[in-house]
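A short write-up of the structure that comes next.
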Number of protein chains: 2
Amino acid sequence: MSRKNKREHTSDQLPKLGIQPYLDLMERTALQNTDRKLAHLGLLMLWLGDNAIDTIDLNLETFGLTESKWDVLLLLTLHEDRELITPSSLADRLGIRRASVTAMLDWLEKRHWIIREQSTLDGRKIHVKITQEGRELVARALPVFWSACSSIMSEIEEEERMLLEKILMKLKSSMEKKLGVGR
Amino acid sequence: MSRKNKREHTSDQLPKLGIQPYLDLMERTALQNTDRKLAHLGLLMLWLGDNAIDTIDLNLETFGLTESKWDVLLLLTLHEDRELITPSSLADRLGIRRASVTAMLDWLEKRHWIIREQSTLDGRKIHVKITQEGRELVARALPVFWSACSSIMSEIEEEERMLLEKILMKLKSSMEKKLGVGR
DNA sequence: TAATTTTAGTTAGATAATCTAATTATATAA
DNA sequence: TTATATAATTAGATTATCTAACTAAAATTA
């Protein structure tokens, strides 16, 4: 009784409608020339994207990181010893303002995961580098990150995999073109 | 000359590496038992998810809405006249705290898109409803939302579509199970 | 070469979306 | 009737963004 009664008072949970009511609403409210089937897929992609990001965030949390800080550390790691990385180039790549990068770098620098060095060639520029401590953090987080990535797709079987990879690659380039971004 | 020169000064753009350097890094840093192929797909899904969200945000911006406010309005629309919607049930469904819902409802109420009514049956509860003005906003935004959803998938061809739908539905339910959420 | 313009980075101040902890009112249970 | 639980809010914080203004340095131009 106690358990059951309790539940009854916990009340008012919104029932999970599933996707059908969304599709019904779409039928009534989309423009004539909107492809319903594609919009259905797009809606799924949007939802999955949210879930994928939540999964990754959950795993990065262990390291005191968020997705955007992680992106910065990953960029610094991948470009290390290749090119000079400035706050401007990070802002450009991340699609955010320089002021936002400044804030993020302040946060990372306070934790000794990155350092800023004034450029000797051009006094306006700052050279951003990952520190040894930062490298160690990344080294600890990477295995978890990859395993989180793979867990997102754990249900996929071999036959589907190849095809899905092809489709996702195609979507990646078409979306990047549309948004004018890229990695 | 002028244009070219200018470009040369625009300097220090980080080159777009593409996915290969990520895969190389994965090879070196993933755990032995991490399925590389699946992690590759997961990484793509993560990136696509970001892009899909950006696309939707860009379109909702026109209406002064963000994805989370839109989610609330959509929930109110779909559940209208079906069940009593309370701040608690919204928090539960959205996976956020009641305090966060309070803030969002304040914002929406200030714009006259929702109203709050005290429940007569249980004085602790608030009944949240979409207003006529809110309904009109949603009616204007919905066609744009669906067309944005379909634009995400515009490259998909009919043969791929069926299979992709099946895969995405499967991923949706597996991820929702893992995260303990659902729509 | 001196004056002007552009670029890089930061600072200041704002908003949005979240959180936790504390508070208030009401309802339920012991 | 008293104690406990629930619903919502408030207060105060953090993170991630933004724009506008500012400083310093470099590049352009007159």
Side-chain angles (χ1 to χ4, degrees), chain A residues 1-13 50 53-54 57-58 60-61 64-72 84-92 94-111 114 116-128, chain B residues 1-13 50 53-54 57-58 60-61 64-72 84-92 94-111 114 116-128:
Chain A
M1 187 178 98
S2 66
R3 179 98 185 58
K4 187 138 190 255
N5 244 337
K6 223 165 185 183
R7 268 260 139 201
E8 256 148 64
H9 295 299
T10 316
S11 78
D12 304 329
Q13 298 229 307
D50 274 343
I53 291 167
D54 287 349
D57 282 350
L58 224 52
L60 290 177
E61 222 164 62
L65 289 171
T66 56
E67 215 201 335
S68 48
K69 312 277 175 58
W70 178 243
D71 280 345
V72 171
L84 185 103
I85 302 187
T86 61
S88 278
S89 65
L90 285 170
D92 182 59
L94 297 169
I96 59 178
R97 295 293 172 166
R98 289 199 305 272
S100 310
V101 171
T102 297
M104 221 165 0
L105 294 178
D106 286 347
W107 190 95
L108 290 166
E109 195 173 38
K110 200 158 59 183
R111 282 154 187 81
I114 62 129
R116 288 190 254 219
E117 281 170 7
Q118 188 105 29
S119 166
T120 45
L121 292 171
D122 183 337
R124 294 168 302 180
K125 291 184 182 165
I126 295 282
H127 191 168
V128 182
Chain B
M1 186 178 98
S2 65
R3 177 105 183 55
K4 186 138 190 252
N5 242 337
K6 221 162 185 185
R7 270 255 139 206
E8 256 148 62
H9 294 298
T10 316
S11 79
D12 305 329
Q13 298 230 307
D50 274 343
I53 291 167
D54 287 349
D57 281 350
L58 224 52
L60 290 177
E61 223 165 61
L65 288 171
T66 56
E67 214 201 336
S68 48
K69 312 276 176 59
W70 178 242
D71 280 346
V72 171
L84 185 102
I85 302 187
T86 61
S88 277
S89 65
L90 285 170
D92 183 61
L94 297 170
I96 59 178
R97 294 295 171 166
R98 288 200 305 267
S100 310
V101 172
T102 297
M104 224 167 354
L105 294 178
D106 287 346
W107 191 95
L108 290 166
E109 195 173 39
K110 201 158 59 185
R111 283 155 186 82
I114 63 130
R116 286 191 254 217
E117 282 169 7
Q118 188 104 29
S119 165
T120 45
L121 291 172
D122 184 337
R124 294 168 301 180
K125 290 184 184 166
I126 293 283
H127 191 169
V128 183

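Per chain, numbering begins at 1; letters A, B, ... match sequence-line order.
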Subject >> Atom CZ of B/Arg97: over 12 foreign heavy atoms under 6.0 Å >> reply: no
**OP:** State which residues pass side chain to side chain contact (heavy atoms under 4.5 Å, CB included) with A/Leu60; sequence neighbours excluded, sorted by chain then number.
**Re:** A/Ile56, A/Leu65, A/Trp70
Original post:
Does OP1 or OP2 of C/dG9 have a side-chain N or O of A/Ser88 closer than 4.0 Å?
Top reply: yes
Subject >> Out of C/dG9, D/dT9, D/dA26, whichever nucleotide has its closest atom nearest the side chain of A/Thr86 >> reply: C/dG9
Subject >> N/O (side chain, B/Arg124) to phosphate O (OP1/OP2, D/dT9) under 4.0 Å >> reply: no
I'd like a list of close polar pairs between nucleotides 12-17 of chain C and the protein, N/O only, cut-off under 3.5 Å.
from, atom 1, to, atom 2, distance (Å)
C/dA16, OP1, B/Trp107, NE1, 3.3
C/dA17, OP1, B/Thr66, OG1, 2.3
C/dA17, OP1, B/Ser68, OG, 3.1
C/dA17, OP2, B/Lys69, NZ, 2.6

Original post:
C/dA8 P sits how many Å from A/Glu117 CD, rounded?
Top reply: 19 Å
Original post:
How long is the line joining CG of A/Asp57 and P of C/dC19, in whole Å?
Top reply: 12 Å
Original post:
Rounded to the Å, how far apart are B/Lys125 NZ and C/dT26 C1'?
Top reply: 11 Å
Original post:
Between C/dG9 and A/Arg116, is there an OP1 or OP2 to side-chain N/O distance shorter than 4.0 Å?
Top reply: no
Subject >> Pairwise 5' ranking along DNA chain D for A/Arg97 and B/Ala103, keeping only the more 5' one >> reply: B/Ala103
Subject >> B/Glu109 CD - D/dA8 C1' separation (whole Å) >> reply: 13 Å
Subject >> Euclidean distance, atom CG of residue A/Asp54 to atom P of C/dT18 [Å, nearest integer] >> reply: 10 Å
**OP:** For B/Asp71, enumerate each residue passing the salt bridge (Lys or Arg N to Asp or Glu O under 4.0 Å) test, keeping only those at least two apart in sequence or located in another chain.
**Re:** none
Subject >> Set of residues satisfying salt bridge (Lys or Arg N to Asp or Glu O under 4.0 Å) with respect to B/Asp106, sequence neighbours excluded >> reply: B/Arg116
**OP:** Please report, rounded to the nearest Å, how far the C1' atom of C/dG9 is from the CG atom of A/Leu84.
**Re:** 14 Å
**OP:** Supply the atom-to-atom distance A/Met104 CE to A/Ile96 CD1, rounded to the nearest 0.5 angstrom.
**Re:** 3.5 Å
**OP:** Using only side-chain N and O atoms of A/Arg98, determine if any of them is under 4.0 Å from OP1 or OP2 of C/dT10.
**Re:** no
Subject >> Counterpart residues, side chain to side chain contact (heavy atoms under 4.5 Å, CB included), relative to B/Ala99 (two or more places apart) >> reply: none
Subject >> Upstream residue (5' side of DNA chain D) when A/Asp122 and A/Gly95 are each assigned their closest nucleotide >> reply: A/Gly95
**OP:** Sequence neighbours left out, what passes side chain to side chain contact (heavy atoms under 4.5 Å, CB included) with A/Ile53? Give chain and number order.
**Re:** A/Asp57, A/Glu67, B/Leu46, B/Asp50, B/Ile53
Original post:
Separation of A/Leu108 atom CG from D/dT15 atom P, in whole Å?
Top reply: 11 Å
Original post:
Which whole-number value in Å describes the distance from B/Ile126 CD1 to D/dT10 P?
Top reply: 10 Å
